[in-house]
Every structure is written in C-alpha cells, then in structure tokens.
2 protein chains.
Amino acid sequence: MNDTDTGFVVMAWRELLARHAEVSCALERELSDKHGLGVSEFEVLERLVEGQSLCTEPDTVKFRVQELAGQVHLSQSALSRLIARLEREGLVARALCEADRRGVFVHVTEEGRRRHAEATPTHRAVLSAHLFPHLVNAGYAPPVSDEASRPA
Amino acid sequence: MNDTDTGFVVMAWRELLARHAEVSCALERELSDKHGLGVSEFEVLERLVEGQSLCTEPDTVKFRVQELAGQVHLSQSALSRLIARLEREGLVARALCEADRRGVFVHVTEEGRRRHAEATPTHRAVLSAHLFPHLVNAGYAPPVSDEASRPA
DNA sequence: ATGCATTCAATGCACAAGCAATTAATGCGT
DNA sequence: ACGCATTAATTGCTTGTGCATTGAATGCAT
C-alpha cells in the first residue's frame, strides 16, 4: 500500500462523497418541494411498495422495522421515528405481529402507494439527470430544475 | 428513457447509497473512537493541511469559510459551527481578513496538524478496506476492526 | 414453572445540519 | 456622500439521527 495507492483511494472517496452529496441534496429538494417527502421516507415507501407488488393480496406483505432499517441504512431508532412520521401522514400503518408480539409489521396504505407513485417520476428524473447526465442530454430529458445541487 | 434504463439508474443509486453508508459509517466510528474526530472535521482539517503544505511559510495559506463549505459539501452555517468546534479544541484558528473585513480566514494550528497526522493512517486504512477490499486482502492489510459498518 | 439472557421496538437525550433571519462590511449607482 | 443591493459569516430555531436505555415478549436452561 504505497503513497500512489493512497492518493488514489482518497480520490475515489472524495468522488463518492461529491456524487452522494450532489444527488441526495438534489433529491431532497425536489422530493420535499414537490411531494413533501424526504429521501429516506421515499426510500422506505419504495421498499414497502416493491414488497407489496410481489404479492397478489393487498396488505399482505409486511415488513419488520429492522428489515427496513437495514435496507435504507438507518439505525433502528431512526426507522422507528420515520415510520411514526409516515404513519402520522397516513402513508403506512403498523400492525401487531401475533406470531411474535414483540415485532411490528409495517405496510403501505393506499394513500402511501399513491404518494409514492406520484413522486416516482421526480425521483427517477433527478437520478437520471445527476447520475447519468450524458444520457439525459442525449434527447429524452425529463424536466428537472437544476440549481438544486448544493445544501446552501 | 425506458423501464430498463430506469431500473438501472435506481440500482446505481442504491449502490452509491450503500457504499456511502458503509464507508462513512465505518470512518465515523474509527475516527471518533481513536482520534475524537468526526468525518467532516477530519475532511476540513485535511483541506487546511493540504493547502498549508503548498506553501513554505507556516500559517500563510488561509481559507475562507465558504471555500471549505463547498469542498466538504456542507452549508456555510454548518461550516461555521464546525470551525467553532475545531477552534474550541485548538486545532484551527480564525484570523480577520483585513482586505475584506467581512471574511474570516481559517488556518490549521500545530496541534491541528498533529491530530490530522495521527488520524490519517486510520482514515486511509478504513478507506482501503472498504472501498477496495480486494487490494487490502492481497497481502499488506492495514489493521482495521471490521463490524463497524452499520449505524446500529 | 422460574429465572435469565436475548431480541424487538420505542424513547430520552445529545448533537449535527439546514433554513431563515441577523449583523457587518463592501461596492455600486446616482 | 448617501442610500441600496450584495456578500460573508454567525446565530436562532427546527428537525433528523445515533447511542444508550427501557419495556415488553420470547426462548432456553435448569
């Protein structure tokens, strides 16, 4: 592990930081402004909708809080409160798990599915514009207000 | 922009999120535990040291708060408080800029340089281990406690 | 059956971050 | 020279997050 390698690793890390900051910041603004959803909120909603879509019965596939926490890279406590926020807005619901009554099952509501569906185009557009700008500029660009890159 | 493209973009985004979470979380733990520094604090310190090393005179190269904010992807208010924290610990110092007395110049102190030098091996080791594990396992692995990947 | 360690989710607490408002200094136009 | 918009940095406030703790439920050993 010599000095050249080290410099390379640091460059890669800074690149990763820059990309993450740019995209997540833009996403945060767009999702928040247009749909009243934070990035993490959207991400959780998406996992729930994805899980749901795997099943024919509505409100059948449910997630434990911990599963979701791992998927969206949040602590269990953060997820607990995030679920509470989504529940307050009526986008998800908690259900007792009678098999293991410590656990709580979370599932998306109709309203939640609707909000997610509304926000998805925005989400995809921001992602495309910021992760693959060359593809977006190649003709079929979804309209995305730019200048929403930096925190301040 | 068809459905396959969309799925690809989302996959790329999740990949980016996962990598960022893994590395920054591990970094946070290691730097905090071993050196009492947060990731952002280290990052700022590093920019200051880098800038300083470009100049022969010590305490000559100085940065405005805003420049640093851009480099580490933080808002200027966040940077202002971060600088305040580092200053409280004696790692950096503020200096009035007599050319434009609105501006504040920030420079690293001896102590700050020392702390940065101490923390750098840890920083590099975590980066190598998590960004390029295949290279690290190829022989010259710096010692990095693993299990420090997830927030909770 | 009882006790004890373990696990799941929720909560108290501390802290970092962003936004908006504030203060101070600058520059520009008239 | 005087106002007025602009820019730099700080500060009040709110919010989201992680860690540690708590409370409840489970499983296991004795």
Side-chain angles (χ1 to χ4, degrees), chain A residues 17 20-21 24-33 36-44 62-70 72-89 92-106 148-152, chain B residues 17 20-22 24-33 36-44 62-70 72-89 92-106 147-152:
Chain A
L17 279 178
H20 176 267
S24 65
C25 192
L27 257 189
E28 189 71 43
R29 284 180 191 264
E30 298 272 334
L31 286 179
S32 176
D33 287 358
L37 287 173
V39 175
S40 297
E41 271 101 334
F42 179 87
E43 215 76 35
V44 166
K62 294 159 181 171
F63 288 84
R64 298 189 117 94
V65 173
Q66 265 192 334
E67 292 181 73
L68 293 168
V72 298
H73 315 292
L74 285 178
S75 70
Q76 174 264 324
S77 66
L79 227 305
S80 180
R81 294 182 217 265
L82 196 154
I83 296 296
R85 291 195 296 273
L86 290 178
E87 193 179 33
R88 240 175 274 133
E89 287 198 70
V92 306
R94 290 186 225 236
L96 292 181
C97 165
E98 64 283 347
D100 179 350
R101 294 168 57 195
R102 291 168 300 183
V104 169
F105 278 146
V106 183
S149 318
R150 283 201 308 148
Chain B
L17 279 178
H20 176 268
E22 179 189 333
S24 66
C25 191
L27 256 189
E28 189 72 42
R29 285 179 189 262
E30 297 271 335
L31 287 179
S32 177
D33 287 357
L37 289 172
V39 175
S40 298
E41 272 100 333
F42 179 87
E43 216 75 35
V44 166
K62 293 156 182 173
F63 289 82
R64 298 188 120 94
V65 174
Q66 263 194 334
E67 292 182 74
L68 292 168
V72 300
H73 317 294
L74 285 178
S75 69
Q76 90 270 23
S77 68
L79 229 304
S80 182
R81 296 182 217 264
L82 195 155
I83 297 294
R85 290 195 298 271
L86 290 177
E87 193 179 35
R88 242 176 274 131
E89 288 197 70
V92 307
R94 290 185 226 238
L96 292 181
C97 165
E98 64 283 348
D100 180 350
R101 294 170 55 197
R102 291 169 300 184
V104 169
F105 278 147
V106 183
E147 102 285 327
S149 319
R150 282 199 310 148

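Order of the sequence lines fixes the chain letters, A, B, ..., with proteins taken first and strands second; residue numbering starts at 1 for each chain.
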Revision key, fill the gap. Rounded to whole Å, CZ of Arg101(A) lies from P of dG23(D) at a distance of 19 Å
Exercise for review: Return no unless some side-chain N or O of Ser40(A) is found under 4.0 Å from OP1 or OP2 of dT17(D).
Suggested key: yes
Exercise for review: Report yes if a donor N or O on one partner sits less than 3.5 Å from an acceptor N or O on the other, where the partners are the side chain of Arg81(B) and the base of dG18(C); otherwise report no.
Suggested key: yes
Review point. Roughly how far, to the nearest 0.5 Å, is CZ of Phe105(A) from CZ of Arg64(A)?
Key: 5.0 Å
Check your understanding: So does Arg94(A) get a side-chain nitrogen or oxygen closer than 4.0 Å to the phosphate oxygens (OP1/OP2) of dC8(C)?
Key -> no
Study note, to complete from the structure: Rounding to 0.5 Å, atoms CD (Glu30(B)) and CG (Leu37(B)) come to a distance of 13.0 Å
Revision key, fill the gap. Separation of dT26(D) atom C1' from Gln66(A) atom CD, nearest Å, is 14 Å
Review point. From Ser24(A) OG over to His20(A) NE2, what is the distance, rounded to the nearest 0.5 angstrom?
Key: 4.0 Å
Exercise for review: Calculate the interatomic distance between Leu82(B) atom CG and dT11(D) atom P; express it in whole Å.
Suggested key: 14 Å
Review point. Can you tell me how far the CG atom of Leu79(A) sits from the CD atom of Glu67(A), to the nearest 0.5 Å?
Key: 10.5 Å
Review point. Glu89(B) has an atom CD; how far is it from atom C1' of dA16(C), in whole Å?
Key: 14 Å
Practice item. Tell whether Arg102(A) reaches the base of dT7(C) with its side chain through a donor-acceptor pair below 3.5 angstrom. Key: yes
Revision key, fill the gap. Whole-Å distance, Leu68(A) CG to dA10(C) P, equals 11 Å
Study note, to complete from the structure: Rounding to 0.5 Å, atoms OG (Ser80(A)) and CG (Leu74(A)) come to a distance of 11.5 Å
Review point. Any idea which of dC19(D), dC19(C), dT26(C) is nearest the Arg29(B) side chain?
Key: dC19(D)
**Study point:** Rounded distance (Å) that lies between atom P of dA9(C) and atom CG of Leu74(A)
**Key:** 14 Å
Exercise for review: Would you mind telling me which of Leu86(A), Leu68(A), Val44(A) makes a side-chain contact (heavy atoms from CB on, under 4.5 Å) with Val92(A)?
Suggested key: Leu86(A)
**Study point:** Side-chain N,O (Arg85(A)) to OP1/OP2 (dT17(D)) below 4.0 Å
**Key:** yes
Practice item. Starting from C1' on dA9(C), measure out to CZ on Phe63(A) and report it in whole angstrom. Key: 18 Å
Check your understanding: Leu79(A) or Cys97(B): which one's nearest nucleotide on DNA chain C is closer to the 5' end?
Key -> Leu79(A)
Exercise for review: Return the 5'-most residue of the pair Asp100(A), Glu41(A) with respect to DNA chain D, ranking by each residue's nearest nucleotide.
Suggested key: Glu41(A)
Point to revise | Distance in Å, Glu41(B) CD paired with Leu82(B) CG, rounded so as to fall on 0.5 Å steps | key: 4.5 Å
Check your understanding: Which of these nucleotides, dG18(D), dA9(D), dA17(C), is closest to any side-chain atom of Gln76(B)?
Key -> dA9(D)
**Study point:** Polar side-chain contact Ser77(A)-dC19(D) base: donor and acceptor under 3.5 Å
**Key:** yes
Review point. Looking at five pairs on each end of the helix from dA1(C)-dT30(D) to dT30(C)-dA1(D), what is the angle between the two axes, given to 10 degrees?
Key: 10°
**Study point:** Closest non-hydrogen atom pair, Gln76(A) against Val65(A)
**Key:** O-CG1, 4.3 Å
Point to revise | Distance in angstrom units between Glu28(A) CD and dT15(D) P, rounded | key: 14 Å
